[in-house]
Amino acid sequence: MTAIPSQPPDAAIKASQREYTKEEEEKYTNLLSQVKAITELPNDENSSEKTALTATEKFWLTRECLLRYLRAVKWDVSAAETRIKKTLIWRRTIGLGEGGKLTTDAYILPEQLTGKQLIWGYDNQSRPLWYMKPDRQNTEESPRQTDHAYFMLETAKILCPRGVETVSLLINYAKKAKGPSLSTSKSVMYNLADHYPESLGTAFVINLPTVVTWMFKIISPLLDPVTRAKLSFKNDVSDMVDPSQLEDSFGGKLDMSTYNHDDYWPQLMGLAQERKKKIHQRWTELGEDIGISEWDLKDFDEK
């Protein structure tokens, strides 16, 4: 595997800023006011003790973050506020809050040693490509396995170029890998839908063994139509991703048959840390407030 690309290929489509109606902007302003009024939240889903919003949480609450929740609930301001609060508590619970276990890679590192999840390249919409390889499973099923997925998605979102809000997921059930249990799969799917709204571009799934096909048939009716429509079982996606950016099993030219952890992981973490540092620096310069636009936080992409 060659060096991880830090930017989409030149031919990839660059994002354009969404236009919102006057009514939608008013709903956003209303939601922003309500979110800024949140004084404290429970420390986790099982705690009655509450603490104030942290800098990490205020940084997460960008203009685009609030708009993603509004779009997900069809512009119901009250529903969006409720879901945002639930997500903030969920993020505290799983370790994405201030100083949490998922704010560094140390906790999930045992899950990554075989390369069962990879972030490499971009599709034609400039979305980062997030690969899952169940045949490289190296640990017993546990909460840390699902936490690994959330850590990788958080990393992929950091690597999203300016204006890009979604990630493309590619899952290859090679060598008859059985994948996670039905309960774990449902939990992850629900959490992605509930806590990462408008964050998944398309999920490409190939080489499905019978048991996993059966599992998808059970899960699919439980998913909302928007999430279900993003699932694709197309084997060759080279029309949607430049072949030089795409694994050969999906129709590309990239050989990912071997994984060198000592080479790949420092590269990925280095790219993510450098980019996160720049984004945080811009957030500080812009006032460290809730509602700062991701377009402004990532304006260094255009310089």
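Sequential numbering from 1 along the given sequence is applied to the chain's residues. Small disclaimer: the values here were computed from a predicted structure and weren't measured.
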Could you walk me through whether Glu24 and Lys27 pass the salt bridge (charged side-chain N to carboxylate O under 4.0 Å, His left out) test, one step at a time? CA-CA 5 Å; Glu24 289 168 344; Lys27 287 178 182 287; over 6 Å; no
Shortest non-hydrogen contact between [X] and [Y], atoms and distance:
X: Arg275; Y: Ile158; answer: NE-O, 2.7 Å
X: Val164; Y: Cys160; answer: O-CB, 3.3 Å
X: Lys157; Y: Tyr196; answer: CD-CD2, 4.2 Å
X: Thr104; Y: Phe151; answer: O-CE1, 3.5 Å
X: Arg68; Y: Glu198; answer: O-CG, 3.6 Å
X: Thr62; Y: Ile292; answer: CB-O, 3.2 Å

Are [X] and [Y] packed together at the side-chain level, in the sense that at least one heavy-atom pair is separated by less than 4.5 angstrom?
X: Met240; Y: Leu246; value: no
X: Glu111; Y: Gln137; value: yes
X: Pro134; Y: Ile171; value: yes

Answer yes if Phe204 and Met152 sit in the same cluster of Ile, Leu, Val, Met, Phe, Trp and Tyr residues linked by side chain heavy atoms under 4.5 Å apart, and no otherwise.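 Yes, same cluster.
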Quick check on the hydrophobic clustering: are Val188 and Val167 connected, directly or via other members, by side-chain heavy-atom contacts under 4.5 Å?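 Linked, Val188 and Val167 end up in one cluster.
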Can you confirm whether [X] is buried at [atom1], in the sense that more than 12 heavy atoms of other residues, nucleotides or ligands lie under 6.0 Å from that atom?
X: Gln17; atom1: CD; answer: yes
X: Lys58; atom1: NZ; answer: no
X: Glu40; atom1: CD; answer: yes

Can Asp296 and Arg63 be counted as an ion pair, charged N to O under 4.0 angstrom?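 Not counted as a salt bridge, because no side-chain N and carboxylate O are separated by less than 4.0 Å.
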Between Glu274 and Lys277, is there a side-chain N and carboxylate O pair less than 4.0 Å apart?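 No.
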Is it the case that [X] and [Y] place a side-chain donor and acceptor less than 3.5 Å from each other?
X: Thr114; Y: Lys133; answer: no
X: Asp105; Y: Trp265; answer: yes
X: Glu26; Y: Asn30; answer: no

Would you check if the side chain of [X] reaches a backbone N or O of [Y] as a donor-acceptor pair within less than 3.5 Å?
X: Glu64; Y: Glu294; result: yes
X: Thr29; Y: Glu25; result: yes
X: Ser47; Y: Asp44; result: no

Option passing salt bridge (charged side-chain N to carboxylate O under 4.0 Å, His left out) with Glu165 (candidates Arg127, Lys298, Arg71):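 Considering Arg127, Lys298, Arg71, a salt bridge (charged side-chain N to carboxylate O under 4.0 Å, His left out) with Glu165 is found only for Arg71.
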Which residue, Glu45, Glu154, Glu57, forms the salt bridge (charged side-chain N to carboxylate O under 4.0 Å, His left out) with Arg91?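 That would be Glu154; it is the only one of Glu45, Glu154, Glu57 passing the salt bridge (charged side-chain N to carboxylate O under 4.0 Å, His left out) with Arg91.
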Remaining members of the apolar cluster that contains Trp60, side-chain heavy atoms under 4.5 Å: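 Grouped by the 4.5 Å side-chain rule, Tyr20, Tyr28, Leu31, Leu32, Val35, Ile38, Leu41, Leu53, Leu61, Leu66, Leu67, Tyr69, Leu70, Trp75, Val77, Ile84, Leu88, Ile89, Ile290 form the rest of the cluster around Trp60.
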Stepwise side chain to side chain contact (heavy atoms under 4.5 Å, CB included) check, Gln112 with Leu118: CA-CA 9 Å; Gln112 182 59 36; Leu118 301 170; 4.2 Å; yes
Decide side-chain hydrogen bond (donor to acceptor under 3.5 Å, both in side chains) for Lys50 and Thr39; before the verdict, give the C-alpha distance in whole Å, the side-chain angles of both, and the deciding distance to 0.1 Å. CA-CA 9 Å; Lys50 297 181 178 181; Thr39 56; over 6 Å; no
Derivation and outcome, side chain to side chain contact (heavy atoms under 4.5 Å, CB included), residues Lys36 and Asp289: CA-CA 9 Å; Lys36 283 188 173 185; Asp289 200 3; 3.1 Å; yes
Pairwise distance OH(Tyr150) to CG(Leu102) - rounded to 0.5 angstrom: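 Result: 10.0 Å between the selected atoms.
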The test is side chain to side chain contact (heavy atoms under 4.5 Å, CB included); show your working for Thr155 and Leu268 and say whether it passes. CA-CA 9 Å; Thr155 301; Leu268 180 65; 4.3 Å; yes
Given side chain to side chain contact (heavy atoms under 4.5 Å, CB included), test Trp120 with Glu247 step by step and report yes or no. CA-CA 9 Å; Trp120 205 103; Glu247 185 183 30; over 6 Å; no
Contacts table for residues 3-16: side-chain donor-acceptor under 3.5 angstrom, sequence neighbours left out:
none

